[in-house]
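What you see is a predicted model; the values in this text were computed from it and never measured.
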Amino acid sequence: MAAPPAAAAGSSEAEGPKIVWNSGKRRFETEDHEAYIEYVLREKGKVMDLVHTFVPSSKRGLGLASLLCVAAFNHAKSHSLSVIPTCSYVSDTFLPRNPSWNSHVYSAAPGEMKSSI
């Protein structure tokens with residue numbers, strides 16, 4: 001027997017919050033602007049340095065930081081940019097949990113992976 005229509009419709013509701021690119025503020029953010037990941041372009045615009053991730057305490061534990069990182073890495077990938085994971089969330093939590101993105105991390109001399117910000 002086929003699944004009831006309500007069950008099929010429920011799968012589209014689980015997409016999660018939409019992440020948008022705010023090029024003016026140099027960040028990716030939730031539509032309500034409350035959670036975001038900020039970046040700085042380096043190396044003549046060829047490298048995206050992810051410098052800060054913020055999720056308000058009321059929205060922590062929902063996976064928003066990870067969604068923000070995925071949006072930033074997808075943007076970098078589609079624009080042929082490398083990524084510097086300066087933000088400790090990106091370097092210490094996101095990348096170890098998502099090693100498939102390591103190929104997009106900026107390759108620098110040892111000790112130069114993070115920016116001086």
Hey, are the side chains of [X] and [Y] touching, using non-hydrogen atoms and a 4.5 Å cut-off?
{"X": "Ser82", "Y": "Val105", "value": "no"}
{"X": "Leu81", "Y": "Val47", "value": "no"}
{"X": "Arg42", "Y": "Tyr106", "value": "no"}
{"X": "Tyr39", "Y": "Asp49", "value": "no"}
{"X": "Val51", "Y": "Cys87", "value": "no"}
{"X": "Ser91", "Y": "Thr86", "value": "no"}

Could you state the interatomic distance from [atom1] ([X]) to [atom2] ([Y]), rounded to the nearest 0.5 Å?
{"X": "Arg97", "Y": "Asp92", "atom1": "CZ", "atom2": "CG", "answer": "11.0 Å"}
{"X": "Cys69", "Y": "Ile37", "atom1": "SG", "atom2": "CD1", "answer": "4.0 Å"}
{"X": "Ile84", "Y": "Ser107", "atom1": "CD1", "atom2": "OG", "answer": "10.5 Å"}

> Passes side-chain contact (heavy atoms from CB on, under 4.5 Å), Leu95 versus Asn102? Steps please.
Replying inline: CA-CA 7 Å; Leu95 286 172; Asn102 285 334; 3.6 Å; yes
Taking [X] for the side chain and [Y] for the main chain, is one N or O donor matched with an acceptor at less than 3.5 Å?
{"X": "His79", "Y": "His75", "answer": "yes"}
{"X": "Arg60", "Y": "Val55", "answer": "yes"}
{"X": "Thr30", "Y": "Ala35", "answer": "yes"}

> Taking Phe73 as the fixed residue, which of Val90, Leu68, Asn98 is the one that meets the side chain to side chain contact (heavy atoms under 4.5 Å, CB included) rule?
Replying inline: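 The passing option is Val90.
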> Can you name the ring pair (Phe, Tyr, Trp, His ring centres under 6.0 Å) partners of Tyr89, sequence neighbours left out?
Replying inline: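 Partners of Tyr89 under the ring pair (Phe, Tyr, Trp, His ring centres under 6.0 Å) test: none.
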At their closest point, which heavy atom of [X] faces which heavy atom of [Y], and how far apart are they?
{"X": "Asn74", "Y": "Trp101", "result": "OD1-CH2, 3.0 Å"}
{"X": "Arg27", "Y": "Glu38", "result": "CB-CA, 3.8 Å"}
{"X": "Gly45", "Y": "Leu41", "result": "CA-CB, 4.2 Å"}

> Should the pair Phe28 and Trp21 be assigned to parallel (<30°), tilted (30 to 60°) or perpendicular (>60°) ring geometry?
Replying inline: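 The arrangement is parallel - the two ring planes meet at less than 30°.
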> Between His52 and Phe54, how do the two ring planes meet: parallel, tilted or perpendicular, split at 30° and 60°?
Replying inline: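 Geometry flag for Phe54 against His52: parallel rings.
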> Should Met48 and Tyr36 be counted in the same cluster of Ile, Leu, Val, Met, Phe, Trp and Tyr side chains packed under 4.5 Å apart?
Replying inline: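 No, Met48 does not connect to Tyr36 through the hydrophobic network.
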> Do Val20 and Leu64 share a hydrophobic cluster, counting only Ile, Leu, Val, Met, Phe, Trp and Tyr and linking them when any side-chain heavy atoms are less than 4.5 Å apart?
Replying inline: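 In one cluster: no.
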> Residues in salt bridge (charged side-chain N to carboxylate O under 4.0 Å, His left out) with Glu34, at least two apart?
Replying inline: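 Here the qualifying residues are Lys59.
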